[in-house]
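Everything below concerns the one structure shown next.
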Amino acid sequence: MTATTEQVLDPAPDVPLSAALRTGTREDHEAAERSTFVERLVDGSLPLAGYVDLAAQQHAVYVALEAAGERLAAAGTDGDLVFAELVRVPAIEADLAHLLGDDWRTRARVLPATAAYVARLDAVGDDLPRYAAHAYTRYLGDLSGGQVLKRMIERHHGLRGDGVSFYDFPQIHKLKPFKDVYRERLDALALTPAQRADVVAEARVAFRLNRAVFADLAAAHGL
Ligand code: HEM
C-alpha cells in the first residue's frame, strides 16, 4: 500500500497535523542543519559568493512556491495558508539587485538541484496538501532557523538589511505568535487520512530537495 491510497491508516489521527509534521521531519531537519553548506554559512567560513548563490537558488524556488500559492488563492482553495506577509520574491529580488547589481537576472544561475526542486513545485503545487508541505518547510524554516542564519550572515559579511531582507518580515510584528497561527491553519485543514500522510511525506521530500540544493551549492563552491 502506498501513502497515496485512500486506505492509508493514519498512525496517529489525534495528533494535530503541525505536530505530525514536526515529528515526521525531525531527522530531516537535523540533517539539513548539519549539511556542510549550512554549517559553513553559520560559522562564517563561506565566502560571500556562496551566500549570493544561495539567494539566487531561493529566488527560483520562491517564484515557483509563490506562483502555486497565488493559483490556489485565486481558486479559493488555499486553505487560508497563503499570507501576504510571507511573500518573499520581492525581498529576494531586492537582495540580488544589491548583491549582484541591476543586471542580476543575467548573472544569477540556477543549479541542477534547484531546477529539480522547481520542477517538483510546479508538478505538485496545485494540490493543497502538497503545497502545505512545501510552504511549511520553507516559511516556518525562514521564521525559525532563518533568523539565526540572518544574524550570522550579517555578522560575517558586514551586511545590514540590504542584501539580507529575505529574512525580514516587516509586516509580522512577533514571529512566535505568527508561527502559532500558521500551525493552527495547518491543523484546521480538512484532510483525509491519506492527504495527511501526503503532507508529511511531501514535507520530507521538501527537506530532501533543500538538502540537494545545499549539496549542489557546496560542490559549486568547492566545499
Ligand atoms: C543552521 C540552520 C538551522 C537552524 C539553526 C534551525 C533552527 C530551527 C529552530 C530553533 C527551530 C524551532 C523554532 C520553533 O519551534 O519555533 C526550527 C524550526 C524549523 N526549521 Fe529550522 N533551522 C535551520 C535550518 C533549517 C532548514 C535548512 C530548513 C528547511 C529548509 C528548516 C526548516 C524548519 C522548519 C520547517 C521548522 C518548523 C518546525 C516545526 O515547529 O514544525 N530549518 N529551526
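FYI, the numbering just counts along the sequence from 1. Atoms within each ligand, like the ligands themselves, are counted from 1 in listed order.
Between the CG atom in Leu54 and the OG1 atom in Thr114 there is a gap of 9.0 Å [rounded to 0.5 Å].
Relative orientation of the Tyr182 and Phe83 rings is tilted, given thresholds of 30° and 60° on the angle between their planes. Note: Phe166 and Tyr62 have perpendicular aromatic rings, judged against thresholds of 30 and 60 degrees for the angle between ring planes.
Only the side chain of Val42 comes within 4.0 Å of ligand 1, counting heavy atoms alone; its backbone N, CA, C and O stay farther away. With a heavy-atom cut-off of 4.0 Å, Phe214 touches ligand 1 through its side chain alone.
The shortest N/O to N/O separation between Ser18 and ligand 1 does not fall below 3.5 Å. At a 3.5 angstrom cut-off on N or O pairs, Thr137 does not count as close to ligand 1. For ligand 1, the polar-atom distance check finds an N/O of Lys179 within less than 3.5 Å of one of the ligand's N/O atoms. Distances between N or O atoms of Asn210 and those of ligand 1 include no value under 3.5 Å.
Within a 4.0 Å radius of atom 10 (C) of ligand 1, the protein contributes no non-hydrogen atoms.
A salt bridge links Asp28 with Arg204: the distance from a Lys NZ or Arg NE/NH1/NH2 to an Asp or Glu carboxylate oxygen falls below 4.0 Å. A salt bridge links Asp180 with Lys176: the distance from a Lys NZ or Arg NE/NH1/NH2 to an Asp or Glu carboxylate oxygen falls below 4.0 Å. A salt bridge links Glu154 to Arg160: at least one charged side-chain nitrogen sits closer than 4.0 Å to a carboxylate oxygen.
Among all heavy-atom pairs drawn from Gln57 and Leu111, the shortest one is OE1-N, 3.0 Å. In terms of heavy atoms, Val200 sits closest to Gly24 at CG1-CA, 4.1 Å.
Closest to atom 15 (O) of ligand 1 among all protein heavy atoms lies Arg22 NH2, 3.5 Å. The nearest heavy-atom contact from the protein to atom 28 (C) of ligand 1 is Phe207 CE2, 3.9 Å.
A side-chain N or O of Ser45 and one of Arg40 form a donor-acceptor pair less than 3.5 Å apart. When only modelled atom types and interatomic distance are considered, Asp142 and Tyr167 share no side-chain donor-acceptor pair under 3.5 Å.
Residue contacts with ligand 1 do not include Arg211, since none of its heavy atoms lies under 4.0 Å from the ligand.
Inspection of the environment of atom 21 (Fe) of ligand 1 yields the following protein N, O or S atoms under 2.8 Å: His29 NE2.
Checked options Lys150, Gln147, Arg88; the residue passing with Asp168 is Lys150 (criterion: side-chain hydrogen bond (donor to acceptor under 3.5 Å, both in side chains)).
Heavy-atom proximity to Val38, at under 4.0 Å, picks out these atoms of ligand 1: 1 (C), 2 (C).
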